[in-house]
Structure formats: C-alpha cells, structure tokens
Asks: 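Before I ask anything, let me first share the structure, which is written out below as structure tokens.
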Amino acid sequence: MGTTPFDGSRWWGMARGPLSKMAFGVIALVVLMALLAPWLSPFDPNAMNLDAVLAPPSWQHWAGTDELGRDVATRIMYGAQPSLAAGLGIVAIGLGLGLLIGTFSGLMAGWVDALIMRLTDVAMALPGMVIALALTAALGPSLLNAVIALGLLSVPAYIRVARGQALALREREFVLAARAMGASNWHLIRAHLLPGVLPPVLVFTTFHLGAAILASSALSFIGLGAQPPMAEWGSMIGMGREYVLGHWWMVVIPGVVIMLTAASFNLLGDALRDALDPRVRKA
Amino acid sequence: MLRVIARRLLMLVFVAFAVSVICFAISRLIPGDPAQLVLGPRATPQAIQEMREQLGLDQPVLTQYVRYVSDLSRGDFGTSITTRQPVLGELLSLVPATLELMLAAMLISIAVGVPLGVITAVHQGRWVDTLGRGVAILGISTPTFWIGLMLMLLFYAELDWLPGSGRLDMGLEPPPLRTGLYLIDAALAGQWMVWRSALSHLVLPAATLALATVGTVVRLVRSAMVEVLAEDYIRTARAYGIAPWRITYIYALKNALIPFVTVLGLELASLLFGSVVIETVFAWPGVGSHVLGAILNLDFPVIMGFTVLASVIYVLVNLIVDLTYTFLDPRIQLKS
C-alpha cells in the first residue's frame with residue numbers, strides 16, 4: 001500500500017457500488033436511532049409493563065416485548081447508543097495510543113523502534129479476547145471496563161499499521177527537509193507524518209469498528225459488559241436466551257441489527273481500502 | 001533453519017514472561033481482598049489474616065510475583081473458590097470436551113472455507129465472487145453467540161433434527177475413557193449408538209464455532225489464490241495445456257495454502273474465546289462453560305487459571321505453526 005496523502009476526490013468515489021451505498025445507509029440509520037431514540041419511540045426502554053409480558057410482534061409492539069413487558073423495538077433503538085459508543089470507545093483507545101506510539105516508533109527507528117516492535121510482537125502473540133475477558137472480570141463487569149480492556153488490547157495492532165507507514169515516510173524529502181530545518185520530533189509527527197500515516201490507519205479503524213461492536217456485544221452477552229437494566233444489543237440477546245424457545249423475537253431481531261451494523265462497517269472498510277489503494281483503483 | 005528456531009524459542013521466553021506479568025497484574029487488579037474472596041463474607045478477621053499470610057499477600061509485590069510464577073511452573077494454579085478443587089486438574093479434566101468441539105469446528109471451517117475461497121478466486125469479479133465475498137463478510141460480521149441460538153431455534157426447536165444441548169442423549173453412558181473425545185472413544189469401543197449420539201450433539205455447536213473462523217478462511221484463501229494464479233508458472237502450466245482443474249487444485253492451491261497454515265494458529269484465539277460463548281449456549285460441558293460459571297461466581301482462581309492455560313496453549317501452538325511454516329516455505333529462512 002502506497003503512502004498516498006489525503007485526497008478528497010478519492011473518498012468520494014468509494015460511495016459507488018450498491019453494497020457500499022447500503023452500508024452507508026445502514027450506518028446512517030443506526031446513528032439516527034442512537035441520536036433520536038427518545039423521539040422515535042413512544043415507550044420508555046426500561047418501563048416494565050406486566051400486562052404485556054413476552055408479547056409477540058404486533059402493531060403496537062412491532063418487535064414484541066420482553067420478559068418484563070418492555071418494548072423490544074424501543075430497546076433496540078436505545079441500545080444503539082451504548083453499542084455504538086462502546087465500538088467508538090474501543091477504537092478511540094486503540095487509535096489514539098496506537099497512532100502516537102506507532103508513528104513515534106517509525107520516526108525514531110533504531111533501538112527505540114526495535115524495542116517497541118518487540119513489545120508489540122509479544123503483545124500480539126497473546127490471545128487478545130481471552131485476556132480481555134480476564135481483565136474485564138478483574139476490573140468488575142461493566143460496559144466501560146469492557147471498553148477499556150478491549151481498547152487496550154487493540155493498541156498493538158494500530159502500532160504496527162502506523163509504524164509501517166511512518167517508517168516509509170521518514171526518509172521522504174519533505175520530512176528530511178523539515179528535520180534539517182530543526183523541526184522537533186513532535187512537530188515532525190504532527191505536521192508531516194500523521195497526514196500520511198492516517199489514511200491506511202483509518203481503513204483499519206473502519207474494519208476494527210465492526211469487530212469492536214461484535215466483541216463488546218459478546219462480552220455483554222456473557223454478562224461482563226453492559227449490566228441490566230441498560231438496553232444494549234448483546235445483553236438483550238443474553239437476557240432473551242432464556243426465553244428463546246417460543247419467544248424468538250427477543251433474540252432474532254437484536255442479532256440481525258448487530259449483524260447488519262458490523263457488516264456495514266466491514267463493507268465500508270473494504271470500500272475505503274479500495275479507494276485508497278492505487279493498485280486496486282487501476283484495476 | 002536452526003537460527004529461525006532459536007529466534008522463535010527466545011521469543012517464547014519473552015512471551016511466557018509477558019503472560020505471567022499480565023496475568024499476575026490482572027489478578028492483583030481484582031477489587032477487594034483475595035483472602036476475603038477465598039474465605040467468604042463471614043470469615044473472622046483472624047482467619048483472613050492467616051489466609052493472607054498463607055497466600056503470601058503480606059510479602060512485597062516482587063516476592064509475590066516470584067511465588068506466583070514458581071507456583072504456576074509447578075502446576076499449582078490455586079484452588080477454586082466455589083468447588084474447593086485444584087484449578088488446573090479441574091480445567092484439564094474438561095479439556096477433551098472443548099478439544100473435540102474445536103477440532104470439529106476447524107474441520108468444518110476448512111472443508112467449507114477452502115473450496116469457497118478457491119471458487120471465488122477462480123471466478124474473480126463474477127457473481128460467484130460477489131456471493132462468496134458477501135458470505136465471508138456476513139461470516140465475520142455475525143455474532144457467533146447469536147448464530148448458535150438461531151441454529152438451535154431452527155434445527156432443534158422447529159425441525160427437531162438435532163439435539164440442542166449436552167454431549168450425549170439422556171440415559172447414554174459416555175464411552176470408556178481413552179482420549180476423552182467421545183467420537184474417537186466410542187468408535188474404538190465399537191459403541192455405534194453412542195457414536196451417533198455424540199456426533200449429532202457435536203454438529204450444532206461445532207458448526208457455530210466454525211462460523212467464527214470460516215469468513216477469515218475464505219478471505220485468506222481467496223487473496224492467496226488470486227496472487228498465485230497470477231504467477232508465471234501458472235501461465236506456463238496453462239500454455240502446456242494442463243487441465244484447468246489440475247492447475248487450480250494441484251499447482252496453485254498447494255502454494256496458496258502455505259500462508260494459510262499460520263492463520264490456523266492465529267484463529268485458535270477466536271476458537272478459545274468462542275468456546276466460552278458457544279459452550280454456554282449449547283450447555284457443552286467443557287472448559288468454556290466452566291469458565292463462564294466461574295465469571296458469574298467471581299471465582300478468580302479459575303478465571304486466571306483459564307487465562308494462563310489458554311495463553312500458554314495459544315503461544316505453543318503458534319510456535320509449532322511457525323516452525324512448520326519454515327519447513328513448508330524454505331524462502332522464510334532468507335528473510336530472517
């Protein structure tokens with residue numbers, strides 16, 4: 001992958017193709033759900049209604065109700081908030097730390113780079129999700145702790161991507177010139193390296209966002225993430241599991257929503273990569 | 001070759017050190033007093049003080065770490081808070097059930113993923129390719145725990161074709177213990193009724209677990225095949241008039257599968273975590289469902305024991321995979 005600087009026209013081109021458009025649509029819809037949930041639904045996500053317990057989908061509750069009579073569709077809409085926020089939080093931790101450390105490592109080269117890379121190798125040789133599971137259990141089951149654990153464990157992958165790019169850029173003329181003029185390391189990173197390092201890292205970020213939503217929902221499903229009564233997609237499925245035989249809507253619908261959201265981020269990642277990779281664009 | 005092996009072994013030392021430090025640090029993060037956790041809420045202050053001394057919690061952190069590592073290296077993973085049994089023995093007794101599940105899942109994901117990857121690469125850019133790509137994206141985007149519930153809903157609750165939980169039908173005795181893998185043990189003992197029951201119980205959880213990896217397999221085989229099919233020797237083979245299927249499946253696939261070996265090792269990570277989730281869904285009596293029980297009971301010795309065991313297995317398997325890789329692809333030596 002080349003070290004192509006940011007170019008807006010290329011990003012525009014990626015919206016072509018029906019799959020990418022659908023992915024954009026789904027993501028926009030989920031974001032709208034997260035932002036407008038209180039206006040979109042007449043129900044309170046946590047209000048129990050013992051007259052309508054485990055009701056199948058109907059005109060009033062078009063995704064049915066759960067074991068406490070709460071409207072499933074409403075909980076899915078409200079659930080978009082923690083589910084998206086968890087994904088974004090994980091990515092922000094990985095991206096923030098990984099981008100800085102990776103770019104720094106690539107800029108310094110030499111023994112600093114060697115040390116950081118060996119540490120990264122070691123970190124990546126561990127089964128991440130298993131460690132995340134233990135870390136979340138130790139920090140105490142909560143969505144925030146799940147996000148912290150999953151975020152920290154994603155840092156090494158970001159370091160690798162960013163470092164590779166920075167290493168390629170550091171020998172380029174504009175970086176050498178800035179260095180010759182006495183620019184500080186921080187200035188070099190901020191003004192000259194980050195703009196070139198960012199695009200490929202963003203591709204990775206998009207893929208990671210889908211994976212991060214899946215991972216945090218999995219931790220919520222087994223009870224380590226979001227805690228009741230919070231409406232979160234993974235924990236909704238975890239709660240609905242007990243009732244799945246005979247009450248499919250509690251599990252089927254939130255799962256479809258997670259799948260569509262994660263698939264959309266993956267498709268978007270594909271489209272971004274194709275838009276940024278000159279080899280693919282020529283083909 | 002020797003240098004590569006030496007480097008890998010050196011790396012293993014560092015990774016083992018990192019695993020021990022991380023697990024030690026996590027076990028010290030646990031809120032509250034470990035002695036209190038072991039003894040329960042009604043313990044007397046004196047008993048807690050004695051337990052603190054017994055666990056070495058009154059020692060400096062470095063001493064505690066050294067003690068932790070030496071305990072681990074002797075196979076002492078501590079005692080489960082809920083069952084009062086040694087953690088390692090309990091986990092190891094459950095390993096065969098999980099191993100059977102993982103092996104079956106890996107077989108399924110190779111049997112489905114490799115042909116799908118080849119077909120999409122050969123028909124690059126056509127509808128089969130788009131379809132395959134769609135399946136792969138759905139595969140990596142679908143929560144496995146959810147797919148498990150869906151398969152259970154369909155094949156157990158609706159169609160009643162397959163059982164939805166456990167390893168054997170009610171009333172059946174497990175086959176005589178040899179490997180702990182019921183399919184092998186039952187076959188060795190000639191108990192075909194038990195074998196059929198074990199197989200029918202294995203299908204749904206294994207298929208679910210396979211789904212976690214099949215998307216990655218398809219993507220990887222496809223991209224490796226696309227690369228190999230563009231090589232000169234493939235063009236030469238075509239020019240010689242060798243049958244297309246022979247070129248695809250013998251000449252190209254053999255080389256495309258080399259990078260695939262490493263991925264099998266890396267995929268073990270998703271299988272290890274997946275087992276916790278999937279075993280819970282299907283009430284599969286393995287390591288994963290045991291660990292989930294420990295998580296819900298805050299049984300930290302079991303959770304940490306699992307983390308150490310899973311990390312060690314993962315690191316060792318990947319070491320073996322890497323060494324196999326250097327045998328399969330002699331070019332690797334030049335790079336190091």
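Throughout, a chain's letter reflects where its sequence line sits, starting with A, and its residues are numbered from 1. Side-chain atoms are counted along with the backbone in the values below, which use heavy atoms only and exclude waters and symmetry mates.
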Asks: Of the non-hydrogen atoms in A:A134 and B:I26, which two are nearest, and what is the gap between them?
Replies: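 Shortest heavy-atom separation between A:A134 and B:I26 comes out as O-CG2, 3.7 Å.
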Asks: How many angstroms lie between CG in B:L149 and CD1 in A:I237, if you round to the nearest 0.5 Å?
Replies: 7.5 Å
Asks: Compare all side-chain heavy atoms of B:M150 with those of A:V251 and state whether any distance is below 4.5 angstrom.
Replies: yes
Asks: State which residues pass side-chain contact (heavy atoms from CB on, under 4.5 Å) with A:A85; sequence neighbours excluded, sorted by chain then number.
Replies: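 Not a single residue meets the side-chain contact (heavy atoms from CB on, under 4.5 Å) criterion with A:A85.
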Asks: For the residue pair A:I258 and B:P143, what are the closest heavy atoms and their distance?
Replies: CG2-CG, 3.5 Å
Asks: Let's go through B:F145 and A:I222 carefully: what are the C-alpha distance in whole Å and the side-chain angles of both, what is the deciding distance for side chain to side chain contact (heavy atoms under 4.5 Å, CB included) to 0.1 Å, and is it a yes or a no?
Replies: CA-CA 9 Å; B:F145 55 87; A:I222 59 178; over 6 Å; no
Asks: Is it the side chain or the backbone of B:F14 that comes within 4.5 Å of chain A heavy atoms, both, or neither?
Replies: both
Asks: Using only distance (under 3.5 Å, no hydrogens or angles), which donor-acceptor pairs connect chain B and chain A?
Replies:
residue : atom : partner : partner atom : Å
A:R241  : NH1  : B:T280  : O            : 3.4
A:V251  : O    : B:W146  : NE1          : 2.9
A:V252  : O    : B:W146  : NE1          : 3.4
A:A263  : N    : B:S141  : OG           : 3.4
A:N266  : ND2  : B:S141  : OG           : 2.9
A:D270  : OD2  : B:R133  : NE           : 3.4
A:D270  : OD2  : B:R133  : NH2          : 3.2
A:D270  : OD2  : B:R219  : NH2          : 3.4

Asks: For A:L224, is it the side chain, the backbone, both or neither that has a heavy atom under 4.5 Å from a heavy atom of chain B?
Replies: side chain
Asks: Tell me, for B:I295 versus chain A, whether the close heavy atoms (under 4.5 Å) come from the side chain, the backbone, both or neither.
Replies: side chain
Asks: Checking B:V281 against chain A: side chain, backbone, both or neither under 4.5 Å from a heavy atom?
Replies: both
Asks: Among A:P141, A:A138, A:G210, A:A262, who wins on heavy-atom pairs under 4.5 Å with chain B?
Replies: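 Of A:P141, A:A138, A:G210, A:A262, A:A138 has the most heavy-atom pairs under 4.5 Å with chain B.
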Asks: For side chain to side chain contact (heavy atoms under 4.5 Å, CB included), just list the numbers for A:L219 and B:F273, CA-CA rounded to whole Å, side-chain angles, deciding distance to a tenth of an Å, and then say yes or no.
Replies: CA-CA 10 Å; A:L219 286 183; B:F273 176 75; 4.1 Å; yes
Asks: Using side-chain heavy atoms (C-beta onward) and a distance below 4.5 Å, is B:L272 in contact with A:M129?
Replies: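 Contact flag for B:L272/A:M129 side chains = no.
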Asks: List the residues meeting side-chain contact (heavy atoms from CB on, under 4.5 Å) with A:L68, not counting sequence neighbours, and say none if there are none.
Replies: A:M48, A:D66, A:R70
Asks: Can you list everything that forms a side-chain contact (heavy atoms from CB on, under 4.5 Å) with A:A73? Sequence neighbours excluded, please.
Replies: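 For A:A73 the side-chain contact (heavy atoms from CB on, under 4.5 Å) partners, ignoring immediate neighbours, are A:W62, A:A63, A:D71.
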Asks: If you tally heavy-atom pairs under 4.5 Å against chain B, which of A:L119, A:V252, A:L135 wins?
Replies: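 Maximum pair count with chain B is reached by A:V252.
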Asks: Would you indicate whether the side-chain heavy atoms of A:V122 and B:V19 approach each other to under 4.5 Å?
Replies: no
Asks: Using non-hydrogen atoms only, which part of B:L296 is less than 4.5 Å away from chain A: side chain, backbone, both, or neither?
Replies: side chain
Asks: Within the structure provided, determine whether B:V291 and A:L133 are in side-chain contact (heavy-atom separation under 4.5 Å).
Replies: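 Yes, close enough: below the 4.5 Å cut-off.
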